[in-house]
Structure formats: C-alpha cells, structure tokens
Amino acid sequence: MALLEVKNISKRFGGLQAVKDVSFSVREGSIKAVIGPNGAGKTTLFNLLSGFLLPDSGAIVYKGRPIHAKSPHEIAQQGLSRTFQHIRLFAHMTALENVMVGRHVRSRAGFLAGMLNLPWTWREEQEIRERALSLMEFLGIVDLADANATSLSYGQQRAVELARALAGDPAMLLLDEPAAGLNMRETADTARLISRIRDLGITVLIVEHDMSLVMQISDEVLVLSYGEKIADDAPRAVQGNPEVVRVYLGEDDA
Amino acid sequence: MRTSRFIPILALLGAVVLVQLLTLAGGKAFFLTQLTMSAYYTLIVIGLCLLMGFAGQISLGHAGFFAIGGYTSAVLTTLDLAAYKENPLVAMLAKAGVLTARQDLYGGSLLSVHPWAACVVAVLLAFVIAWAIGIPVLKLKGHYLAMATLGFGTIIYSIVLGTQRFGAADGISSVPPFPLLFGVSVSGDSSLRVLNYYFAWLLVTVAMVLLLNLISSRVGRALRSIHGAEDAAGAMGVDTARFKLSTFMLSAVLAAVAGVFLTHYNGGIGPSEASIMKSVRYVAIVAVGGMGSLWGTLIMSVVLNFLSLRGYFGSFDDAVFGGILIVIMLFAPDGIIGADLRRLVGKIANYKQQNSNKSQ
Amino acid sequence: MKILRLFAAAIIIALSAAPVLAAPAIKVGAILAVTGPASFLGAPEAKTLEMLVEEINAKGGINGSKIELVIKDSGASPEKAISFAKQLIEEEKVFAIIGPSTTGETMAIKNIAEEGKTLLLSCAAAEVIVNPVAKYVFKTPQMDKHAVIRIFQQMKKMGITKIGVLSSNTGFGKAGKEQIEKLAPEHAIQILVNEVYDKAATDLTAEVTKVKAAKVQAIVNWSIEPAQAIVIKNVRQTGMTVPIFQSHGFGNIGYVKAAGAAAEGAIFPAGRLLVAEVLSDKNPQKAVLLAYKKSYEEKYKEDVSTFGGHAYDAMKILEQALKAAGAGADKEKVRTTIENMKGLVGTAGIFNFSPADHNGLDLNAFEMLTVKDGKFTVLEK
Amino acid sequence: MFFELFFQYLVAGLTYGTIYAIVGIGFNIIYNTTGIINFAQGEFVMLGGMTAVTLYGFLPLPLAVIGAVLITMVMGGLIEMVFIRWLVKPTVLRMIIITIGISILIREGALLVWGEGVRSLPYFTGNEISALSLGGVRLSPQVLWSIGVCMVIVLFLNLFFKHTMLGREMRACAANRDAAALCGIPTKNMITLSFVLSAGIGALAGCVVSPITYTQYSIGSGLAIKGFTVAILGGLGNSMAAVAAGFILGILESFSIWVLPTAYKDAISIAILLAMLFIRPSGLFGNKEAMRLKDF
C-alpha cells in the first residue's frame, strides 16, 4: 500500500520550472531515494512535501489524505517528519532539548497548563525526556545530551537532527542529504542507521548524492532531471537506464 | 529540577520582605514608593522578556499596551454617569455592581465604573487588540517587525495625545483607588504604602512563577526553538504562528495589568507612558538583563527603574538608557547578568547530573 | 558574578548617600521639565531658580536662613513628577515645591502636595490647578481665559467676528482651545475652523489651506512650540492677509526671529517682560522686569522668556511670604501669609491672592503686544 | 476655488513629500550596502541643520551648508567605524537596537551642545513670506529648493551607482557581500562609505528644509519614522521608489487634512504603513520574488 502518493505536482519560480508534472508513490515500510543532478528540483520537491512550499498544481496524498495545502506544522503533526540539507538545529539549546522539541507533536501541554505547572504535565515532560534520551541512546549520542547543540561536530549535529526528526514517532521520514559532509566511515554508519530506522517500521524518503549509499539501501529510486521525472524503479534497473546514465551518471563521471 | 525552580522564588520573596524590613529599620520607608512603581514596570518587562528573549520577537510598542490598560481603567473609573442614572442600561449596570457611586476630592458625587470592572475591560481590550494586531504583525520579521510594532506604539501615542477624552497632553488625573480585600486598596495613600509594596511585588512574584513554569514547559521549549530556527520548529510540528501570537498576547496582558494598577497607584496617567521612548526603555532593560533571562531582566528592571524614578540620572535619563542599549549590544549581546546566571545554572545542572550518574 | 556584586555595591552606596542636612537652611524643591518635550518651559525655569537662589543666598538668605534648592528633572512625565513629589516631601522634607512646568504633571501631584501639607507653587497655566482651590496649591502664570478674553476684546475693537482656530496637541494648546471654545459665544465670536496639529509638525500648509478655504476674518493660533512660527509663515505664504492672533506662548523672541517677515503684525497677549524697556516709567512692574531680564541675560547669555518668569514669580512669592511670616514660621503660617498677600509685583503681573483665588492675577496681567520690525512692542490702542 | 484648494493641498503634499523622500533615500543607501536599517538616519538630518546654523554664525550661507555636510559625513563615518565596523555577523535584532541607541545618544548629545532652542537657516532665496504664485496656488521658493535638491541627489546617486567604479563596487557589496569580498572589494570600507554618503545626504536635506521646518535637537526620530515609512512603502533599497513613495505619502497626508482632524495625521500615515506591511511588504514598487530572497 502506498503511504505517500504524489500526483502530477508542479512548481514554478518566476521563469524557472523547478518541478514539472512529477508523480510517484512511496510504499509503506520502504526506503525510496530521490536522485538527480544539481538543480534537478530535489530540494524543491522536499519543500513541497513538507509544506514549506505550495505546489502550483497537482496533489500530495499522505495516508489517504491530501496534504499539499497544509502548513509545515500540520504535516508534521500527521507523522511526516523531515531533516534539512543545511542542518537547522535550535541555537542556544542543548542537544537533548533539541530532540525534546521533536516530541512536540506527541505531547499537548499548552500555555495554561504550562504556566500552572499542572501535575499531568510533569508526567508528560518525564515521558518526553525519556523518549528523547532513548532515541539518543539508539543513535549513540546520549553522552552529548547536555552539550550546546550548535557547538557539536558536523556528524554529531546530523545525528541530533535525525534524533529530533524521529522523536515525533513519524510514520515517514524525509531525509535531505543525510550523508552530505560526512567521511566514508560516517557515511557507512549512516547507511546502516537508515536501514535500522526502516526496520523500526518507518518509511524513508531520502535525497542523496552519494550513489553508493543510495544503491546500497534503497528499495526504489526516483530520478529527476530539470524538474522532470525520468525514471522511477528498483536501484539496479535505474543504474541500467540509459537516460539516467546520460543525464546523471554520465555527467557526474565527466 | 522541579524544586530548584522554587528556590529563587523563595529568595525573591525573602528579598522583598528583607528590603521592606531594612527600609523600616533604616527609616527610609519612602523608598518603597519607587520600589512599588518599579514592580509594576517589572511586570511589563518580564512579559517583554518572554517575547523577545524566548520567542525571539522584538516589540517596540509595548508601552502601547501599558497605555491601553492604564487609560482604559482611568477613563472608565473617572467617567461620570450620574446624569444618566435613569438610562435603563446604566441602571442595570449599577444594579449588577459594575457601577459604583463615590465622592470626588471636592465632595461632588460621581457614578462611575467600579475599578474591578474597569480592570477586566482594560485587560480584555489589551487582549483583543494584541490578538487583532498580532496576527498580521507577527508574520513579519526583522526590520519589518520592529517597524510595525513601532508603528503600533506611535498610533496609540498619537491617539492618546489627540483625544480629548484621554486628557490629550495633560493625561487623566484623580483616578480613584483600586479596592482590594479588607479595606486595602491600590492607591498612593502613604498609610497604605507598605501594603501596596507587598501587593505589587506579590503580583510580580505570581507572574514570575507563571512565566518560569511556562519557559521550562513544553511551550517554553517550543518558543526557544522558534527563536533558534523558525522553519525547523515548524517542521517539528510547532505551530509557530499560534505560539508567537499567544506569547505576544500574554506579554500584552501583563503590560495592561501593570498599566491598570500603576495608574491607580499613581492616581493618574499621562501620555509619556505611551511614548516610544518608554517602549525603547523596556527593550533596553530586557537587553541588559540578558535577553533570555527572566531573573536578569527582573533585577535590571528594579535597579534601573528605581534609579530613574528617584532621579539619579538627572537630565541624562534617556541618554543613560541609550548608552545602555549600545554598550550591551556591542559588548555583551547576551546580557551581563544573563550570561553569569546561565553559567551558574549550567554548573549546578552538571553537578547534579554527575551526582545522579554516580548513583546509577 | 563579579558584576552582580558590583551592582549590589552600587545600590548600597546609592541608598546610603542620603543628603546631609545643613542645619538652618530652608529646603525648596523644584520639579521642572528641564529636558523632554516641555524643555522650553523647564530649562529657563530651572536657570531662573538657580540664579535667584544664588542671589538670595549671597544676600544672606531669608531671615538668616540660606535657601537650599533641589531641582528634579521630570522630563514632563507625570509618573516621574509623582515619584519626585513624594521624594521631596517625605524624604527631603522640603518647605515648598516650585513647579511642575506642565498642567498634566501639576494635576498628578496636586493631591500629594495636599496630603503632605507642602506648598506647591505651580508654573503651569491651566485653570483647573487652582479651580477648585486646593489649600496648598498656588500657581503663578496668568489664566488662559484672561488671554482669550483680551484677544476677543481686541477682536471686537477690530470688528472681527469669524475666526479660524489652530492649536497644537500639547497641554498648552489644549487649554487655550478649550477656553476659546467656551468663551467665544459670550463674545459673539464664531469659530469656522478648529484644527489641532502635531506639536512637531514641520509644515502646516495643508492646515492653513483649510482655514483659508473657510474665509475667516482672523486666525487664532494657540501653541507654544516652533510650529507656531511655521503657522504664520504658511499663512502669509498662502497669500492670506487677515490678522493673526497668537497666544502668550508666542512670548519668545526666538519665534519672531524664526518667522522673520511673517511675524510682522502678529497680535498676542503677554506679560510685560517682553516689552520691559518700552513700558512707561510709571508702570510698577518695570523695575522688577528690567532687573530680572538684565541679570538673566547677563548670566546665561540668552534671551529671557516669560516662562522663566513664572519660576521667578514663584520664588519671589515664597521669599516674600517667608520674610513676612518671620523666622521659624511653619508651612501653615507661610501658606496663610501667601493667601493674604496683596500687591506683590511679579513678572506676570501684580499678584493679589485670597483664600478663593490662588492665582492672584487679573485681566490686567496681560498686555496686548504686536511685532514691529522684528521686535515686540505694545499694541497701539 | 475648488481647484485652487486642490492644488494648494497638492503643493503642501509635495513639501512634506520631498522631506520624507530625502530621509527615505538615506535609509536605502545604508540598507543597500549593509542590510541594516539605520534608525539614527533622522539624527543626520538634525546634525546637518544644527551644524549649518552654527557655522552660519561666521560663514556665508553656501559655505556653512557645505561645511555642515562635510562635518556630518565625517560623523557618519566615525559612527560606523566605532559602532558597526568590527561586529562579526550581527543579528538584525542587535543592529536595530544598536542604531536606536546611537540615535538616542546623538539626540541627547545635541541637547547638551545646542540646548533645547529652535534654530533655522535663512531662506535661500526670498524670505519667510515670499511665495511664487501660480494661478492662485502659492508656494515658497524654498519648496522648489528642496525639490531641486532631492532631484539632484537622485540624479547623482544614479550616476554614481551606475557609472563609477566605486558605485559599482558598492552595488556588488549589496548584491552579495561574500562574493564581493572574494573579488577583492574592500567591503568594510564600502559600508563606511555608505554611512558617509547617507550622512551627507541627510545633512544636505537638513540644511535645505531647515528654513521650512526649523531644526531642534529632537526632530530626528519623527523624521526617521516618516523616512522609514517611505522607504518601506517604496520597497526597501529602491531610492527612486522612495522618492515616489515620499510624494505619495506627503500628498495623502495633506489631503487627509482636508477631510479629517489633523490631530490624527501621523496615525493615518502610520496606518498606511502598517497596511502596506501586512498586504504587500515588498512595497508599492518592490519585487515580491526578490523580497523573499532577502535574508532576514
């Protein structure tokens, strides 16, 4: 069953057609990768999916409900979580607090409850903290809990961001270049990690440049070029697709 | 963690009592007047601190909300409805206890709105205006937000200054006392000075407890995340628009409450309370208090307002606040007290964690 | 934490630096808007007081006691005036307070002075300050209503019945506007246009155009800010030739200089300070006015203004009352002395106080002046 | 009579408009090179006027004006060097607060130096009551002076930014500071230069409008609010648009007096600004897409 279905979606910026009539779907429990040369519209596609941009036309259906007109926080509340290509951690907050914010969608204490410090919010805070710590444990960064998030190394920041995205128990995770700026060993760790996340039952959609990582973990690969879909298939089939080789791999090698 | 939050509150209460006893012992009970006025200004400033330091939204128009509170209460409680006694609406309100008959200073009798009812109206009005103005204004960022809030403040100022009912440039005087319980009232009467001092500081303490609770709750975390990276906060499911708006409204209500009580305490209000320079002062106090530190803001508010109200800065009052803004923003944008306190809190937290790690 | 400690230290020093009382001195407080939007009032008032107190003390004080002056700059904020009034009364235990400069501030502290049984000699103009009478509250500037009546009387002589009124959005402008509105019907004057402009206005051509459109026979402008010079310039620039009446706020030669040729012929009521030199020698005020003018201008190298005169009068009234009441008199005795004071010659006029009149000035306090060749001169009757 | 009145209001509007426009241009120059809104811009106008009046005491008028402009330019440069130059990537909030602080300090400094008195320069031509009459509509020659100076400033800026090396380097700085720095443009000096330039323009404005409006230590903040309104109304960073917006605002204000009490004139112009911010923050003439790319 398709968890996410994208139908004929388009987005134009002034004279630039960033995404043109793209359709695809993501199976529940799978890992799907979006690849394409620079400027192919991958990040725009992510921004459309997560509600940061409104599509000019087309529909995005998640869990059977249209979400393309919703704002980012509503989409996040429905269990579709994301990370950013350029890490966007919350400054002046510890790593743990960053992850705890990720739990926002699964908690409900509001202004009044917060100000009055109602007893039930204590339990909720406890639950948020424990869940955040267990995720950090899962990602191997629990020692960093009290460090200032923006003072961490690049790889550690990526991990915090991932923990934050997972903290809301999403059904689906959008990862925007999770291996960018990582060395080979870290990239390999990341690949394993993404597989483990999938094994938790979370569907993953990832934009990535690193071909080895994509081929290693994805169940399906979507290829974009100049905003258009040119292939959507299993990794091996995509690798053999002459069109893809021409626009993407060919250029990449050259 | 939960108990540690109350130690500073107890310290605050202790300090409030201690200062009163010291002024009593030192024969300087008159200091309490300025300390009481400072308390009300502190109420605005800690609300602004929540907005600026935690939600990261600047407001250069907070004196406007103070003025809305103060002027609404002043107008309603000095309004004379005696001539309309027969009007059914007026009669009904009088019956409901909303209106109250009292004597003015020269023995004439007045029928005006009861201070409690006026207070409710004033706070509700600030609440509604903050809501109405907050929705569009908080969509703006950076210079645009600064300019829009400045514009709001300017509009309130020119309305106050241009309207006869608000006393134009003279403001409103002979505002009656605000009755509390047991015959005690908020007023400048020197026999009630000590009680007024305690009432004002009790109000600040309650507000501090509420705000401290808030910032260490889920909402506080969400606010700081908005400050840190607004789009990422949205992607984590934080309804940034609603949280910013609620914070704006909360701080506006605090400013209006301060306006109501200070107006009754002073027995009047003038347009200087709505001026842009006042709003800038509040921003200066938040800045010097450390932007994100309620305690720093509280301490600096008391110190600066107290000194200013006692005239220590003489004719350089505005210059002092201008200088503070520049020096703090140039050399210590995180504030002076804020950084110190945070480091201290950090140390305590680390210490506790080490202990708990050991016990595990 | 070092900084915290520093602050604590600073506060302790500040709190303990309570003023040391010099035994026999008489303490006089002053709450004046030395800076801020009403500084044109407060600054000359403060200078005048400093000068006078220096003079009095040089002569050995009053009844052997020196005067100790405590000036507080309120910046025209009522909330500060309140704080300062309480401070002066309870802490400094002053004998009397001179000021505040503006009506709003005076009204804010009227009750405080009453409650503290401390003399308040206000330098603000509005009638509400002394009507209803508060026991301890007096004021020295002339009544706005007297200025308005003098203007209306002059209009009658000139056959003017239809006027346009402009005023600024300050306490001064507001008070004048109210009196004009109130008194116009009694004097058979019809107000065709009535506009309030911003005190910081930079050009008033549009407002003036509105007046021009109404075809008035004369314009009355009531303000105390630079805008009043802008008004008359704009009136003449738009080609209107009708007489322009200004308030006593025009009594500052700086505005005449600023308005230049446009100021010629402007008519306004004012105290006689501005025309001291040309007064007849028989005028009882002449000596007082010249003495004040000379010493002020020599000391501060700037033109004297009528506002400083209000503080001068306040101090003189206090000085006379203290002298008359004798050494060691209490506040109550001095208060009664002022209430019964007659014929005190001041800069604003001749003060005749009574228990019902805490201003003591009458219509005669104003002289109708006009501008001729860039100078103030008495209007030819 | 109707048309005469109509044009009289129009002239009044033009007078307000030029003043607002010149202040608005000053905002834009600094905004363009630095991304900073300089809240102390109104103080440059005040400084220019006050200095010129002082110099006029012993210099002929043209020299006094030139001297005042030069002195204010030096002040502008100094302010940038002392307060702004050495900040590393300051946040917008921090810059707003710093420039507000600078504005307060300059104002209070001026109060100390010049006192609270009101001053003005003499009319450049004619005197206080001379007016040109155009079919019943009258306007002071000084209004023509200020419109003329405004036009000359705009022309000069256009030539400067388009046709001189220095101007082009400043524009490069505005487009992308990091890239400009990579190309060897001394970006820090460009920022200083922008402060010098906008201080000079403000001071010139202060001199030209001083006979009309007078000058006093406290006029800066009021002018700054109007100038800022105009800059935003036109679209931040666009000087030509600021001029157009200045005239629009001036004329709107002037005609608002025709129908409404003048006491609320300022409230009306600010309300226009707020409405603009809410509906179309890119300004009347701004480009919406370009707007979104600006990094706030």
Side-chain angles (χ1 to χ4, degrees), chain B residues 52-53 56-58 60-61 133 135-137 139-164 168 227 275-277 279-281 283-284 286-288 291 315-331 333-334, chain D residues 27 31 35-40 82-84 86-87 90-109 111-112 218 221-222 224-225 228-229 231-232 236 261-279 281-282 291 294-296:
Chain B
M52 280 178 60
Q57 310 298 308
I58 193 176
L60 289 171
I133 184 109
I135 289 175
V137 161
K139 285 189 184 137
L140 304 169
K141 292 192 174 67
H143 296 121
Y144 294 90
L145 177 67
M147 193 59 207
T149 51
L150 183 70
F152 164 74
T154 311
I155 288 178
I156 297 288
Y157 181 64
S158 64
I159 289 176
V160 160
L161 204 54
T163 308
Q164 285 302 320
H227 193 180
S275 67
I276 293 300
M277 193 56 214
S279 297
V280 171
R281 272 162 184 254
V283 171
V286 174
V288 71
M291 279 298 183
S315 290
F316 299 102
D317 210 42
D318 286 351
V320 164
F321 281 87
I324 284 173
L325 277 181
I326 293 192
V327 171
I328 293 301
M329 280 295 121
L330 286 182
F331 303 110
D334 290 331
Chain D
F27 271 118
Y31 177 78
I36 295 171
I37 283 289
N38 173 24
F39 277 79
V82 174
F83 296 114
I84 317 269
W86 51 276
L87 295 178
T91 60
V92 172
L93 185 67
R94 200 169 158 199
M95 287 317 308
I96 292 172
I97 295 179
I98 288 177
T99 57
I100 289 177
I102 293 173
S103 135
I104 295 170
L105 283 194
I106 297 181
R107 193 177 70 208
E108 298 297 315
L111 177 63
L112 275 187
S218 61
S221 40
I225 290 182
F228 196 173
T229 305
I232 285 189
L236 266 184
T262 49
Y264 300 124
K265 187 173 83 175
D266 280 359
I268 288 167
S269 64
I270 305 267
I272 292 172
L273 166 74
L274 288 185
M276 195 71 201
L277 282 175
F278 299 160
I279 300 162
S282 50
M291 188 44 219
K294 291 258 187 222
D295 182 29
F296 281 109

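For clarity, every value in this text was computed on a predicted model and none was experimentally measured. Only this structure's heavy atoms are used, side chains among them; waters, hydrogens and symmetry mates stay out. To find a chain, count down the sequence lines: A is the first, B the second, and so on, and within it residues start at 1.
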> With a 6.0 Å cut-off (strictly less than), is the heavy-atom count around CZ of B:F316, excluding the residue itself, greater than 12?
no
> Any chance you could measure B:I58, atom CD1, to D:I96, atom CD1, to the nearest 0.5 Å?
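Reported to 0.5 Å precision, the distance equals 5.0 Å.
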> For the atom pair CG (B:D317) and CD (D:E108), what is the distance rounded to the nearest 0.5 Å?
9.0 Å
> What part of D:I36 is in contact with chain B, defined as an atom under 4.5 angstrom from a non-hydrogen atom: side chain, backbone, both or neither?
backbone
> Just by distance, do the side chain of D:R107 and the backbone of B:D318 share a donor-acceptor pair under 3.5 Å?
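Not at all, since once roles are kept as given, no pair shorter than 3.5 Å links the two residues.
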> Below 4.5 Å from any heavy atom of chain B, which atoms of D:I37 appear? Answer side chain, backbone, both or neither.
both
> What part of D:I225 is in contact with chain B, defined as an atom under 4.5 angstrom from a non-hydrogen atom: side chain, backbone, both or neither?
both
> Which heavy atom of B:H143 sits nearest a heavy atom of D:Y31, and at what distance?
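Result for this residue pair: ND1-CE1, 4.2 Å.
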> Given a strict heavy-atom distance threshold of 4.5 Å, which part of D:I97 is in contact with chain B: side chain, backbone, both, or neither?
both
> Distance-only criterion, 3.5 Å: show the donor-acceptor pairs between side-chain atoms of residues 147-154 of chain B and protein atoms not counting sequence neighbours.
residue, atom, partner, partner atom, Å
B:T149, OG1, B:L60, N, 3.0
B:T149, OG1, B:L145, O, 3.0
B:T149, OG1, B:A146, O, 2.9
B:T154, OG1, B:L150, O, 2.7

> Just give me the residue among D:T99, D:I84, D:L277, D:L274 that pairs up with chain B most often, heavy atom to heavy atom, under 4.5 Å.
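Of D:T99, D:I84, D:L277, D:L274, D:L277 has the most heavy-atom pairs under 4.5 Å with chain B.
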> Determine the minimum heavy-atom distance between B:L330 and D:W86, stating which atoms define it.
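That would be O-CH2, 3.8 Å.
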> I need the B:M329 CE to D:I98 CD1 distance, nearest 0.5 Å.
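B:M329 atom CE to D:I98 atom CD1 measures 7.5 Å (nearest 0.5 Å).
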> Considering only heavy atoms, which portion of B:L140 lies under 4.5 Å from any heavy atom of chain D: side chain, backbone, both, or neither?
side chain
> For chain D, which candidate among B:V320, B:T163, B:I276 shows the most heavy-atom pairs at distances under 4.5 Å?
B:T163
> Between atom OH of B:Y144 and atom CZ of D:F228, what is the distance when rounded to the nearest 0.5 Å?
7.5 Å
> In terms of heavy-atom pairs under 4.5 Å with chain B, which of D:L273, D:I104, D:T91 leads?
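The option with the most such pairs is D:I104.
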> I need the D:I270 CD1 to B:Y157 OH distance, nearest 0.5 Å.
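Here the rounded value is 13.0 Å.
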